[in-house]
Amino acid sequence: MRETTGFRCQACGYATPKWLGRCPDCGEWNSLVEERRVPAKPGARPRPPAARPVLLAEISADGAERVRTGIGELDRVLGGGVVAGSLVLIGGDPGIGKSTLLLQASRALAEHAGPVLYVSGEESAAQVKLRAERLGIGAKALYLLAETALEEIEAQVAALAPRFLVVDSIQAVYLSGFESAPGSVGQVRECGARLMLLAKSRGVSTFLVGHVTKEGALAGPRVLEHMVDTVLYFEGERHASYRILRAVKHRFGSTNEIGVFEMTERGLGEVANPSAFFLAARPRGAPGSVIVAGLEGTRPLLLEVQALVAPAHFGTPRRTVIGADYNRVCLLLAVLEKRAGFPLQNQDVFVNVAGGGRLSEPAADLGIVVSCAGSFAERAVAADVVVLGEVGLAGEIRAVGGLEARLREAAALGFKTAVVPRNNLVGPGAAHPLEVRGVATLEEALGLLIGRGHDPESSSQP
Ligand code: TYD
Ligand code: MG
């Protein structure tokens, strides 16, 4: 006997009582999957202990004690460490390094804080052991369990009473009372709810791994986002060695922190000075290379934008953008053409953020425009200059946030001059850690940086 509870979209989680060829919510075709449930045996689903209202003043916050994982960059993103009984979801593309990160964190936690149970639903215990050996992990209190049945995992947690639990991955585990396949929205949601209960009732801090599908949607895990305490994304270019860990939701701290890692032969290493890492191989005095002072959350990050502008030989000129938004770059090229008179309509333009970095904020606009203009004009920007500013459609340079943090980072890395929006400099003259030149228009900036456009001598100083 089984009961159909309806259909659910595997892409967005939309539920409907009848099957449809196309999800009315996200527009995906053939994404609705039937969800069935065998009637629950009495008492099969554990219930949380009944709660009663408590006065706010009487609640102690001791539960929010944090345990350091010993991996500085992970602790930073977690707001200082793992909170007891918290549920953390780590999402990311397959092969990005989620298992590696959690295995390394498990080692540190097992050594300093208490027993860790690492449940591997995708690799056998022997495979995990091999990886652990490569990473030089031999912690005593680290237990491995190759299991996918959630009831079994719950039983092992009850027997072992670990302080930390890693479930790798949430898409691999399943509840036998549920007929949909492991990894389906129904299974993921139900397993997530059970693990949440386990974490809260036993005070076990739990990490769940969730794979992002090829299309970029966190199909299964997305339905967990509202449920868990913390959602972290692990991202990076597969072929570049750096990885960024980013909090997109955090009940116990800020979502503005990022952690930067480097994938090496011996696992993930922390990158304590990411700017130096990204600038390590930059060419000096090369036209088209510009250093931008970006901000990742609250963390300043210097990145190099490279542009190559060359005559197109046939047809429509190409625009290729890696590491920045394609449409934004097209818009900036139009501004460069119209407002500064650069004839780009018969030029191929290639823009790349070096080292596999990513620039998504408008503050990088001016750097991108200047690199394209510099490559076209074969004029290099001085090697000790950083550039920041948002470029408007009228060719105006607009103020950016977090100026002080950006300038401090640039000064710390030995840059001597920063070209910034003049609007950022109004008000009492602050003491800047390096020479600051304000610009109000694109022409003025080009004149100052590559000696093209507006006459540099007539541009007034800040
Ligand atoms: P993994 O942690 O298995 O990724 P995920 O769990 O997110 O799917 O990482 C797999 C990749 O990392 C794999 O392509 C090999 C690489 N890697 C290293 O380069 N060095 C190492 O020490 C380890 C363990 C993995
Ligand atoms: Mg893995």
Side-chain angles (χ1 to χ4, degrees), residues 69-74 77-78 88-111 116-139 142-148 150 153 164-174 182-183 187-188 191-192 195 206-222 224-225 228 230-248 258-271 277 355-356 358:
T69 61
I71 299 179
E73 296 290 298
L74 177 60
V77 178
L78 289 172
V88 179
L89 174 67
I90 299 194
D93 284 312
I96 206 75
K98 302 179 293 299
S99 305
T100 309
L101 178 67
L102 287 177
L103 200 57
Q104 287 180 237
S106 299
R107 177 228 330 242
L109 288 170
E111 276 170 4
V116 179
L117 178 60
Y118 188 105
V119 179
S120 177
E122 295 175 353
E123 294 159 301
S124 68
Q127 278 173 308
V128 180
K129 165 78 178 164
L130 269 179
R131 179 197 305 244
E133 270 176 1
R134 266 200 322 121
L135 298 174
I137 296 177
L142 176 51
Y143 295 87
L144 289 181
L145 174 67
E147 181 61 73
T148 50
L150 194 73
I153 296 170
F164 304 94
L165 172 67
V166 177
V167 178
D168 184 0
S169 67
I170 187 69
Q171 277 119 321
V173 298
Y174 70 96
Q187 282 283 6
V188 166
C191 292
L195 287 164
T206 304
F207 291 93
L208 307 178
V209 170
H211 293 294
V212 183
T213 59
K214 278 197 292 299
E215 289 75 32
L218 261 184
R222 180 135 283 166
L224 294 182
E225 284 190 356
V228 301
T230 303
V231 180
L232 308 179
Y233 278 90
F234 205 33
E235 44 184 58
E237 295 294 326
R238 261 205 94 128
H239 303 289
S241 62
Y242 92 99
R243 304 279 184 271
I244 287 184
L245 187 67
R246 201 187 289 278
V248 295
I258 62 161
V260 184
F261 298 88
E262 185 183 8
M263 183 61 95
T264 68
E265 302 270 284
R266 302 189 41 81
L268 287 160
E270 298 176 53
V271 177
F277 176 79
R358 231 171 57 189

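Computed from heavy atoms alone, side chains included, the values below leave out hydrogens, waters and symmetry copies. Whatever order the structure lists them in is the order used to number ligands and atoms, beginning at 1.
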Look at atom 6 (O) of ligand 1 and say which protein heavy atom is nearest, naming residue and atom and giving the distance to 0.1 Å.
S99 OG, 2.6 Å

Considering only the protein, which heavy-atom contact is closest to atom 3 (O) of ligand 1, and what is its distance?
R131 NH1, 3.0 Å

In the protein, what heavy atom is nearest to atom 13 (C) of ligand 1, and what distance, to one decimal place, separates them?
G95 O, 4.5 Å

Between R243 and E235, does at least one N-O distance fall below 4.0 Å, as a salt bridge requires?
no

Using a distance threshold of 2.8 Å, what protein N/O/S atoms lie below it relative to the Mg ion (ligand 2)?
S99 OG

Please determine, by modelled atom types, if S99 and D168 share a side-chain donor-acceptor pair under 3.5 angstrom.
yes

Name the option, out of L130, T100, I96, that contains the heavy atom nearest to atom 2 (O) of ligand 1.
T100

Look at atom 17 (N) of ligand 1 and say which protein heavy atom is nearest, naming residue and atom and giving the distance to 0.1 Å.
M263 SD, 3.6 Å

Is L135 close to ligand 1, meaning an N/O of one under 3.5 Å from an N/O of the other?
no

Does any N or O atom in G267 lie less than 3.5 angstrom from one in ligand 1, N or O only?
yes

Please report whether atom 21 (C) of ligand 1 has a protein non-hydrogen atom at a separation of less than 4.0 Å.
yes

Heavy-atom contact check, 4.0 Å cutoff: does T264 meet ligand 1?
yes

